[in-house]
Every structure is written in C-alpha cells, then in structure tokens.
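Below is one structure, written out as structure tokens; comments come after it.
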Amino acid sequence: ALKPRVRNAFGEDATHVFRSVTEGGSEGRTRRRDVFIAAYDALAGIDTPAFEEVTTHVGELMQLNNEMMIACRQRPWWSKYLRGGAALVVLGAALYYERTRR
C-alpha cells in the first residue's frame with residue numbers, strides 16, 4: 001500500500017526500493033533479513049568503537065527512512081475541503097429531514 005504513495009510523491013524512479021522487498025514472499029524476506037544482519041554483524045565486532053559507530057549511523061538512517069515514510073502518509077491538500085463539504089451535505093440532509101418531518 002505504500003508503493004503507490006511513494007510513486008505519487010516521488011515518481012516511478014523512487015519505487016525501485018520496493019522490488020526486493022515485495023519479491024520472493026516471506027521466504028525471500030527471511031533470507032534477505034538474515035543476509036542483512038550477517039553483513040552488518042561482519043562490519044565490526046560487538047563492543048568495539050567501530051560497532052558503536054555503525055550502530056549510530058544505522059539508527060540515523062532508520063530515522064530518516066521513517067521520516068520519509070511518514071511524509072508519504074500525509075493527506076492531500078484538498079482533503080480538508082472534501083471533509084468540510086461532506087459535513088455540509090450531512091448538515092443539509094439533517095435540516096431537510098427536520099423540516100419535512102413537521
């Protein structure tokens with residue numbers, strides 16, 4: 001559900017990041033996760049300054065990724081007008097119903 005939002009917000013070229021995630025089903029996802037974890041574990045030993053540096057940078061990148069995904073969830077500029085119009089229609093229908101009921 002996020003891929004169309006990213007396409008609309010950033011263009012088709014930005015959707016390549018979803019290809020490897022959506023291909024292969026859950027087995028492919030599990031395999032990619034294990035490869036990812038092994039790759040980052042191989043960068044530096046635990047409890048070393050290099051490990052702390054990698055952890056810090058990965059956290060920063062994850063935060064940036066989360067901010068990008070949240071930006072894609074924003075409502076369109078016209079949605080407030082749609083909600084306002086819908087409220088007016090409901091109000092008008094309620095008033096019409098009250099007047100015709102008497």
Side-chain angles (χ1 to χ4, degrees):
L2 190 57
K3 185 177 179 179
R5 293 179 184 169
V6 170
R7 182 185 320 113
N8 291 338
F10 301 103
E12 185 66 35
D13 292 339
T15 61
H16 72 282
V17 297
F18 293 102
R19 285 189 201 126
S20 62
V21 174
T22 57
E23 293 172 0
S26 62
E27 293 175 9
R29 186 175 299 125
T30 302
R31 183 178 42 78
R32 286 188 304 276
R33 184 196 66 214
D34 293 343
V35 168
F36 178 84
I37 291 170
Y40 272 91
D41 285 348
L43 289 176
I46 296 177
D47 296 329
T48 64
F51 181 81
E52 294 299 323
E53 185 177 354
V54 168
T55 303
T56 300
H57 290 301
V58 168
E60 291 170 3
L61 292 173
M62 288 175 67
Q63 181 61 36
L64 291 171
N65 186 49
N66 289 340
E67 290 172 9
M68 183 183 77
M69 296 302 167
I70 289 170
C72 292
R73 289 190 210 166
Q74 293 177 348
R75 291 188 174 103
W77 62 269
W78 46 265
S79 66
K80 59 186 169 197
Y81 300 111
L82 182 65
R83 287 192 307 268
L88 287 175
V89 168
V90 169
L91 179 62
L95 288 174
Y96 177 77
Y97 175 75
E98 272 300 311
R99 287 183 185 226
T100 57
R101 191 173 147 197
R102 292 182 186 174

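In this structure Arg101 satisfies the salt bridge (charged side-chain N to carboxylate O under 4.0 Å, His left out) test together with Glu98, sequence neighbours excluded. Residues satisfying the side-chain contact (heavy atoms from CB on, under 4.5 Å) criterion with Pro49, sequence neighbours excluded, are absent altogether. With sequence neighbours excluded, the residues forming a ring pair (Phe, Tyr, Trp, His ring centres under 6.0 Å) with Phe36 are Tyr40, listed by chain and number. Take Arg7 and apply the salt bridge (charged side-chain N to carboxylate O under 4.0 Å, His left out) test, not counting sequence neighbours, and it matches Glu12. For Ala50, the side-chain contact (heavy atoms from CB on, under 4.5 Å) test picks out Ala44, Thr48, with sequence neighbours left out. Arg33 pairs by the side-chain contact (heavy atoms from CB on, under 4.5 Å) definition with Thr30, Ile37, not counting sequence neighbours. Contacts of Asn8 classified as side-chain contact (heavy atoms from CB on, under 4.5 Å), with partners at least two apart in sequence or in another chain: none.
Pairs engaging residues 77-92 under the salt bridge (Lys or Arg N to Asp or Glu O under 4.0 Å) rule: none recorded [sequence neighbours left out]. Applying the side-chain hydrogen bond (donor to acceptor under 3.5 Å, both in side chains) test to pairs two or more places apart or on separate chains, those with a residue in residues 62-71 are Gln63-Glu67.
Counting Ile, Leu, Val, Met, Phe, Trp and Tyr side chains that sit under 4.5 Å apart, directly or through other members, Trp78 shares a hydrophobic cluster with Trp77, Tyr81, Leu82. Through side-chain heavy atoms spaced under 4.5 Å, either directly or across other Ile, Leu, Val, Met, Phe, Trp or Tyr residues, Leu91 is tied to Leu95.
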Report all side-chain donor-acceptor pairs from residues 54-61 shorter than 3.5 Å, counting only partners two or more places apart or in another chain.
from	atom 1	to	atom 2	distance (Å)
Thr55	OG1	Phe51	O	2.8
Thr56	OG1	Glu52	O	2.9

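Within a 6.0 Å sphere centred on CG of Asp34, other residues, nucleotides and ligands contribute more than 12 heavy atoms.
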